[in-house]
Amino acid sequence: MPIVVEEEYLPVIRIQHLGATTDEDFARYLTTLHASLYSPRAGKRLLVIDATECAPTPATQRRLQAQWMKEHADRIRRYTVGVAFVIPSGLIRGMLTAIFWIQPLPSPHEVCATLEQALAWGDGQLAAHGLKIPPGARVNWITRPGMTVTG
């Protein structure tokens, strides 16, 4: 699946968009988000949406995402302490920031160039709720990607 949802390091959920995504894959991704948001173990969380390897998102998928966020806005507000977007392109970061001025997200957000910046911003969001990023997340996602480290 071109979209990977990692919940191994709760309260941080990393969502990686890897290349082009079909509408069917995108619908499955939204189903995964729904299950996570309404899970009995749902709690405060930070979403890190890593679009480093993302292909352009078709209008159909942007509409599906917008509709899903509208339908679940109250639950998103309740459980999501922040959403950090990782987008290397300065042009795309600027476009996304402008979109959020027009159509704000239901939770705090930051548009970052790197995963390190996203996690640094997320530290503050989680700390405000008495939470922190598990050390293993940084080790596996930044320091040694591809290795499994518990922590």
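Keep in mind it's a predicted model, so treat the numbers as computed, not measured. Nothing fancy with the numbering, it's 1 onward along the sequence.
In this structure, Tyr29 and Val5 have side chains that are in contact, with non-hydrogen atoms separated by less than 4.5 Å. Leu119 is listed as a side-chain neighbour of Val48, based on a closest heavy-atom distance under 4.5 Å. The shortest distance between side-chain heavy atoms of Leu115 and Thr52 does not fall below 4.5 Å.
When all heavy atoms of Val81 and Gln125 are compared, the pair lying nearest together is O-NE2, 2.9 Å. A pairwise comparison of heavy atoms in Ala51 and Pro88 identifies O-CD, 4.4 Å as the closest pair.
Sorted by first and then second residue, the salt bridge (Lys or Arg N to Asp or Glu O under 4.0 Å) pairs with a member in residues 53-63 form an empty list; sequence neighbours excluded. Here salt bridge (Lys or Arg N to Asp or Glu O under 4.0 Å) pairs that include residues 65-77, with residues two or more places apart or in two chains, are Asp74-Arg77. Sorted by first and then second residue, the salt bridge (Lys or Arg N to Asp or Glu O under 4.0 Å) pairs with a member in residues 105-130 read Asp123-Arg138; sequence neighbours excluded. The list of salt bridge (Lys or Arg N to Asp or Glu O under 4.0 Å) pairs with a residue in residues 86-106, not counting sequence neighbours, is empty.
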Please report, to 0.1 Å, the donor-acceptor pairs under 3.5 Å made by any side chain of residues 10-21, with sequence neighbours excluded.
residue	atom	partner	partner atom	Å
Arg14	NH2	Asp50	OD2	2.9

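Taking the ring-ring contact (aromatic ring centres under 6.0 Å, His included) definition, one finds that Tyr79 meets it with nothing, sequence neighbours left out. Leu64 meets the side chain to side chain contact (heavy atoms under 4.5 Å, CB included) test with Phe26, Leu30; sequence neighbours excluded. For the side chain to side chain contact (heavy atoms under 4.5 Å, CB included) test, residues two or more places apart in sequence or in another chain that qualify with Thr80 are Arg45, Leu47, Ile76, Val83, Ser107. Partners of Thr31 under the side chain to side chain contact (heavy atoms under 4.5 Å, CB included) rule, at least two apart in sequence or in another chain, do not exist in this structure. By the ring-ring contact (aromatic ring centres under 6.0 Å, His included) test, Trp68 pairs with His72, sequence neighbours left out. With sequence neighbours left out, Leu96 forms a side chain to side chain contact (heavy atoms under 4.5 Å, CB included) with Phe85, Ile87, Phe100, Val111. Among residues two or more places apart in sequence or in another chain, the ring-ring contact (aromatic ring centres under 6.0 Å, His included) test is passed with His129 by none.
Looking only at distances, no side-chain donor or acceptor of Gln61 sits under 3.5 Å from a matching main-chain atom of Thr57.
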- Message: Leu37 vs His34, test: side-chain contact (heavy atoms from CB on, under 4.5 Å). Steps then yes/no.
- Response: CA-CA 5 Å; Leu37 193 58; His34 185 274; 5.9 Å; no
